Enquirer: 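I'd like to ask some things about the structure below.
Computed from a predicted structure; not experimentally measured.
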Amino acid sequence: MMSENIQTSSRMEERRRLQQWRDQISKELDRVMDFWTKHSEDKEYGGFFTCLGQDGAVYDELKYIWLQGRQVWMYGRLYRKLPRFHRQEILTAAIAGGEFLLTHARPSADSLKCAFVVTRDGRAVKIQRTIFSECFYIMAMDELWRTTREERYKKSARDMMDQIVHWVREDPSGLGRPELPGAEPVNSMAVPMMLLNLVDQLREEDEEAARKYEELATWSVEKILQHLQRDGQAILENVSVDGNELPGCMGRHQNPGHAIEAGWFLLRQAITQSDHDLGRTAVEKFVLMPFLSGWDWEHGGLFSFQDVDGHCPTQLEWSMKLWWPHTEALIAFLLGYLETWDTQLLDGFQKVLDYAFSRFSDQEYGEWFGYLSQDGKVALSIKGGPFKGCFHVPRCLYMCEELLSKLLEEEEEDRQAADVSP
């Protein structure tokens, strides 16, 4: 009887904690999205301003294509998934952002290559030799199709996806990337990570897409796992195309937030494929290991960059605490717990949540600061810029709210089953 009482008390405490987290995160998501809907939308030209000061004032009108795509995706996803965001103004802004991308993201009619940044009215300013503007273009178009069911958005997403796969796996020359004699080909973890995330987006309730991109998902997983180095004791950001460690700073470079993000991407793939070995690797090696080595045990928060051999990283911001690694950790811990029921993941979630809400969240104006010093003080007061927009924070809060709701539902089902068992 005493043992049953202890178990009942433990379940009640667990439910109380999950419910408290969900309420806290739900309110924070509302505050964050209120900031963006009030300050970010360009009602004259379409698209969104992302260079916003602490109070939401626009300090630069340039528009970064990858952030435009992210915000269209975020608006569409919230409109489609959470009833309280199923509002016409959210849909209208998402469509306007999508139309801005369709009209202005590609400077040349002869190429699918996207600009990195454009003027307020859509004139190209800069192009990068990467695939990331194009990747978030795909996410925006696919989510708009799912939201509106307009086939032209779906076609645009699929055409761009085919182009990206060609650039990555066959011929990168269309990116404008020159062949230089001293530049060895590199497997940068960001590329297969992003492709795996795109497959996850495109195959949602779409069996045709799931079949088409099944091999690409397998390839992406293999390329990500190549970054597990040194007998499984380190995640390195860059390796050779054959999966070997590279010399110098590039080879020793570690990005704890990226490793953790890769962890939950791998975990979603493992869940889809019922691959328990991959799921275990994702949690143990890509979530827990980089978190434990990347956490600043003196000041709190995740370091931005590390050197696997303990040398001082060459990136000037290496010791800063940035917003996005903490959002990735929150998602990864909850998703990992949902699959493993390992309570150390909930303890990690609590640690990161306490730090993020006390340090990044702006209780006066809403949204989160993005850049803290090592000791957790606000280093930059801006709420958005070329790299921070309406994406990491609201995506994290939306996903955590969804995961916590699922955990609460499963806990209630278990309780009811226990009550009726003989």
Side-chain angles (χ1 to χ4, degrees), residues 66 128-132 135 164-165 167-173 175-197 216 218-267 269 278 280-297 301-322 324-326 328-329 332 374 387:
W66 66 337
Q128 285 190 329
R129 295 166 178 172
T130 64
I131 62 168
F132 303 114
C135 287
I164 287 179
V165 173
W167 283 331
V168 170
R169 300 186 63 180
E170 298 180 32
D171 180 9
S173 62
L175 295 170
R177 189 175 291 156
E179 296 283 344
L180 298 176
E184 295 291 334
V186 173
N187 171 8
S188 172
M189 192 161 63
V191 172
M193 275 178 59
M194 197 65 232
L195 289 178
L196 185 60
N197 189 42
L216 178 62
T218 300
W219 178 88
S220 299
V221 169
E222 291 173 353
K223 288 296 182 181
I224 294 170
L225 292 179
Q226 286 182 345
H227 293 265
L228 181 58
Q229 293 283 327
R230 302 200 174 187
D231 297 322
Q233 298 307 305
I235 305 294
L236 302 180
E237 187 73 10
N238 304 295
V239 296
S240 74
V241 292
D242 297 324
N244 297 313
E245 187 171 335
L246 295 167
C249 294
M250 176 181 285
R252 297 194 306 269
H253 180 52
Q254 291 183 293
N255 184 328
H258 231 181
I260 293 169
E261 184 179 18
W264 74 259
F265 288 1
L266 290 171
L267 191 52
Q269 172 70 6
L278 178 60
R280 184 168 56 253
T281 297
V283 171
E284 293 177 0
K285 299 300 185 179
F286 283 82
V287 176
L288 285 172
M289 186 171 70
F291 174 76
L292 292 172
S293 64
W295 187 260
D296 183 346
W297 296 97
L302 284 161
F303 287 113
S304 295
F305 303 114
Q306 293 179 297
D307 183 290
V308 70
D309 288 333
H311 298 294
C312 180
T314 57
Q315 294 83 5
L316 299 181
E317 72 276 24
W318 72 269
S319 64
M320 292 180 70
K321 311 299 167 57
L322 273 55
W324 68 267
H326 299 81
E328 307 301 346
Q374 183 174 354
F387 303 98

Enquirer: Could you check whether any side-chain heavy atom of L246 comes within less than 4.5 Å of a side-chain heavy atom of L236, counting everything from C-beta outward?
Expert: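 Heavy-atom side-chain distance check fails, nothing below 4.5 Å.
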Enquirer: What is the ring orientation for W324 with H258, classed by angle as parallel under 30°, tilted 30 to 60°, or perpendicular over 60°?
Expert: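 Ring orientation, 0 to 90° scale: perpendicular.
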Enquirer: If I compare all heavy atoms of P256 with all of P290, which pair ends up nearest, and what's the gap?
Expert: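 Of all heavy-atom pairs spanning P256 and P290, the closest is CB-O, 4.0 Å.
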Enquirer: With rounding to the nearest 0.5 angstrom, report the CE to NZ distance, M193 to K223.
Expert: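 It is 16.0 Å, given to the nearest 0.5 Å.
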Enquirer: Could you state the interatomic distance from CD (Q315) to SG (C249), rounded to the nearest 0.5 Å?
Expert: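 Nearest 0.5 Å value for the CD-SG distance: 8.0 Å.
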Enquirer: Specify the closest pair of heavy atoms between G232 and M289, including all atoms of both residues, with the distance to one decimal.
Expert: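 Minimum heavy-atom contact is O-SD, 3.5 Å.
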Enquirer: With rounding to the nearest 0.5 angstrom, report the CZ to CD1 distance, R230 to I235.
Expert: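 These two atoms lie 12.5 Å from each other.
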Enquirer: Pairing donors with acceptors under 3.5 angstrom, does anything connect the side chains of D171 and S173?
Expert: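 The criterion, which ignores hydrogens and geometry beyond distance, is satisfied for S173 and D171.
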Enquirer: Can you tell me which residue among L196, T130, I131 is in a side-chain contact (heavy atoms from CB on, under 4.5 Å) with V191?
Expert: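 When side-chain contact (heavy atoms from CB on, under 4.5 Å) is applied between V191 and each of L196, T130, I131, only I131 qualifies.
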Enquirer: Counting C-beta onward and ignoring hydrogens, is there a side-chain heavy-atom pair between I260 and P325 closer than 4.5 Å?
Expert: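 When only atoms from C-beta onward are counted, P325 and I260 do not touch, as no gap falls below 4.5 Å.
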Enquirer: Has R129 got a side-chain atom pairing as donor or acceptor with G176's backbone, closer than 3.5 angstrom?
Expert: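 Yes; judged by distance alone, with no hydrogens or angles, the pair exists.
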Enquirer: Do other residues, nucleotides or ligands put more than 12 heavy atoms under 6.0 Å from M320 CE?
Expert: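 Yes, enclosed.
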Enquirer: Got a donor-acceptor contact below 3.5 angstrom from the W297 side chain to the L292 backbone?
Expert: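 The answer is yes, because a donor-acceptor pair under 3.5 Å joins these two groups.
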Enquirer: Find the distance between CD (E237) and CG (N255) and round it off to the nearest 0.5 Å.
Expert: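 Interatomic distance, E237 CD to N255 CG, rounded to 0.5 Å: 4.5 Å.
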Enquirer: Give, for atom CG of N238 and atom CD of E245, the distance between the pair rounded to the nearest 0.5 Å.
Expert: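 Reported to 0.5 Å precision, the distance equals 11.0 Å.
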Enquirer: Only counting residues at least two apart or in another chain, list the ones meeting side chain to side chain donor-acceptor pair (under 3.5 Å) with D296.
Expert: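 Counting only residues at least two positions away or on another chain, D296 forms a side chain to side chain donor-acceptor pair (under 3.5 Å) with K321, Q374.
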Enquirer: In the structure I gave you, are the side-chain heavy atoms of L302 and F291 within less than 4.5 Å of one another anywhere?
Expert: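 Heavy-atom side-chain distance check passes, below 4.5 Å.
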Enquirer: Can you list the residues that meet the side chain to side chain donor-acceptor pair (under 3.5 Å) rule with E184, with sequence neighbours excluded?
Expert: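 For E184, no residue satisfies side chain to side chain donor-acceptor pair (under 3.5 Å) once neighbours in sequence are set aside.
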Enquirer: Mind listing the closest non-hydrogen atom pair of P313 and W318 along with its distance?
Expert: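 Of all heavy-atom pairs spanning P313 and W318, the closest is CB-CB, 3.7 Å.
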Enquirer: Nearest 0.5 Å please: distance from the CZ atom of F286 over to the CD1 atom of I224.
Expert: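 So the gap between those two atoms works out to 7.0 Å.
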Enquirer: Is there a side chain to side chain contact (heavy atoms under 4.5 Å, CB included) between W219 and V168? Walk through the geometry before answering.
Expert: CA-CA 12 Å; W219 178 88; V168 170; 3.8 Å; yes
Enquirer: Is there a side chain to side chain contact (heavy atoms under 4.5 Å, CB included) between Q233 and K285 once you walk through the steps?
Expert: CA-CA 8 Å; Q233 298 307 305; K285 299 300 185 179; 3.6 Å; yes
Enquirer: List for me each residue that meets side chain to side chain donor-acceptor pair (under 3.5 Å) alongside H227, sequence neighbours excluded, and say none if there are none.
Expert: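 Applying side chain to side chain donor-acceptor pair (under 3.5 Å) to H227 gives N187.
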Enquirer: What I'd like to find out is whether the side chain of F265 reaches to under 4.5 Å of the side chain of M194, using heavy atoms alone.
Expert: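 They are not in contact (no side-chain heavy atoms under 4.5 Å apart), so the answer is no.
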Enquirer: For residues Q306 and G294, report the shortest heavy-atom separation together with the two atoms involved.
Expert: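 So the two residues come closest at OE1-CA, 3.4 Å.
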